[in-house]
There are 2 protein chains.
Amino acid sequence: MSSDPPGWELPLRLLQGFRSLIDALHAELARRGHPDLRPVHGFVMQAVGRDGTTAVELGRRLGVTKQAAAKHIETLERAGYLTRTDDPDDARRKLVQLTGRGVDSLVLSAQIFDELRAGWAATLGVERLRAMEDDLRAVTPGNPMRVDAPGWFAGS
Amino acid sequence: MSSDPPGWELPLRLLQGFRSLIDALHAELARRGHPDLRPVHGFVMQAVGRDGTTAVELGRRLGVTKQAAAKHIETLERAGYLTRTDDPDDARRKLVQLTGRGVDSLVLSAQIFDELRAGWAATLGVERLRAMEDDLRAVTPGNPMRVDAPGWFAGS
DNA sequence: CTATATAGACAACCACGTTGTCGAGAGTAA
DNA sequence: TTACTCTCGACAACGTGGTTGTCTATATAG
């Protein structure tokens, strides 16, 4: 029988797996017309969503303050991925929405993620990959769409 | 037959798995006498290692500049986890070494990681967990001891 | 002895998070 | 209508952790 690996290997492998996928995604995004996107930008735009949102709500979704969310919005607005328009029903609010370029980057990202997953399936076999996904779902029962990752690591 | 999940779920699950382990580790570390440690501190002390190192070498291991490494050293020195002493063989160098408290935190972390892995094994079964580890090794062939994670996410 | 390379300290700056404050607008109750 | 309260977004100040650039002291090679 084989002995168990040390427990500290598992989290590092999980992180490496995540990193390798995200790095490959952004290498491919750069090749297909989005060289300026950073990993955090994908999380922000995913949190904005097709329906748009506001700075306060975006902050809630990302798990940061509205001020931090506003800075992300400003960055992505200047880069051409988001627009801000006045809400006709509430003069306090500014509606943040994806531009065509923003939507394109999300569509492209979904497509590239599928391609990367196919690469893992080719290496591991479809059944082993599905087993890994099932097992990860079992130990991380939350909604995978939560995007409050940024800023979590460094902490206070 | 079941259909494949979207490719974007896999990286999010990997990140969630990593996060859940690291969060559980630090909750337990806090309970066992190390409430001030942050995730990044574990990476730094792991990079310092039992043999000690210097600021320049630490920066190399973490993938950051020597100045950034020096700031981590100063933080952890003030917190009582590291000491800096003059190198008797080279008056330019300051040897950075773990204190007893620093070593204790690493020993404790290794122990807690083993306990967390046992928890996953209880949920998934030993064979499934080993399969996941094997598969992660197969798709992330690098040395898992690399600890250059901090600062990678936000990018430029 | 001299030239070059390295270690670490220091300053300035930037990115991204925080808290605190503020004015404008919306909602509600007297 | 008026007054009170809440919400949204803007702005300033600050902390942390990263960067580049510069400087001094010390090793090391020629």
Rounding to an integer number of Å, can you tell me how far [X] [atom1] sits from [N] [atom2]?
X	N	atom1	atom2	value
A:L76	C:dA15	CG	C1'	14 Å
B:L62	D:dT19	CG	P	10 Å
A:F43	C:dC16	CZ	C1'	16 Å
A:E74	C:dC16	CD	P	11 Å
B:I73	C:dA9	CD1	C1'	12 Å
B:D86	C:dA9	CG	P	10 Å
A:D87	C:dG25	CG	P	14 Å
A:R92	C:dG25	CZ	P	10 Å

Please find the pair of heavy atoms, one from [X] and one from [Y], that lie closest to each other, and give the distance.
X	Y	result
A:G80	A:T99	O-OG1, 2.8 Å
A:L76	A:M45	CD1-CG, 4.0 Å
B:S20	B:W120	OG-CZ2, 4.1 Å

Answer yes or no: does a side-chain N or O of [X] lie under 4.0 Å from OP1 or OP2 of [N]?
X	N	result
B:K66	C:dT6	no
A:R84	D:dA10	yes
A:R60	D:dT7	no
B:H72	D:dT16	no
A:T65	C:dG17	no

When you get a sec, tell me which of C:dA26, C:dG8, D:dT26 is the closest nucleotide to the side chain of B:A55? C:dG8
Between C:dA26, C:dA9, D:dC8, which nucleotide has the shortest distance from any of its atoms to the side chain of A:R93? D:dC8
Can you check salt bridge (charged side-chain N to carboxylate O under 4.0 Å, His left out) on B:R32 and B:E115, steps first, answer last? CA-CA 14 Å; B:R32 302 195 200 175; B:E115 295 167 9; 2.8 Å; yes
At 4.0 Å (heavy atoms only), tell me whether A:A68 reaches a base, stays on the sugar-phosphate, or touches nothing. base
Looking at every strand, decide which applies to A:T54 at a 4.0 Å heavy-atom threshold: base, sugar-phosphate, or nothing. sugar-phosphate
Going by distance alone, is a donor N or O of one side chain under 3.5 Å from an acceptor N or O of the other, for A:H41 and A:D36? no
Tell me which of A:L95 and A:K71 sits closer to the 5' end of DNA chain D, going by the nucleotide each one is nearest to. A:L95
Could you say whether A:V56 or B:P88 is positioned toward the 5' end of DNA chain D, judged by the nucleotide with the nearest heavy atom to each? A:V56
Using only heavy-atom distances, decide whether a donor-acceptor pair under 3.5 angstrom links the side-chain of B:Q67 to the base of D:dG21. yes
Nearest nucleotide by nearest heavy atom, which residue falls closer to the 5' end of DNA chain C, B:E57 or A:D89? B:E57
Going by the side chain to side chain contact (heavy atoms under 4.5 Å, CB included) test, name the single residue among B:H72, B:E57, B:E77, B:R84 that passes it with B:V96. B:R84
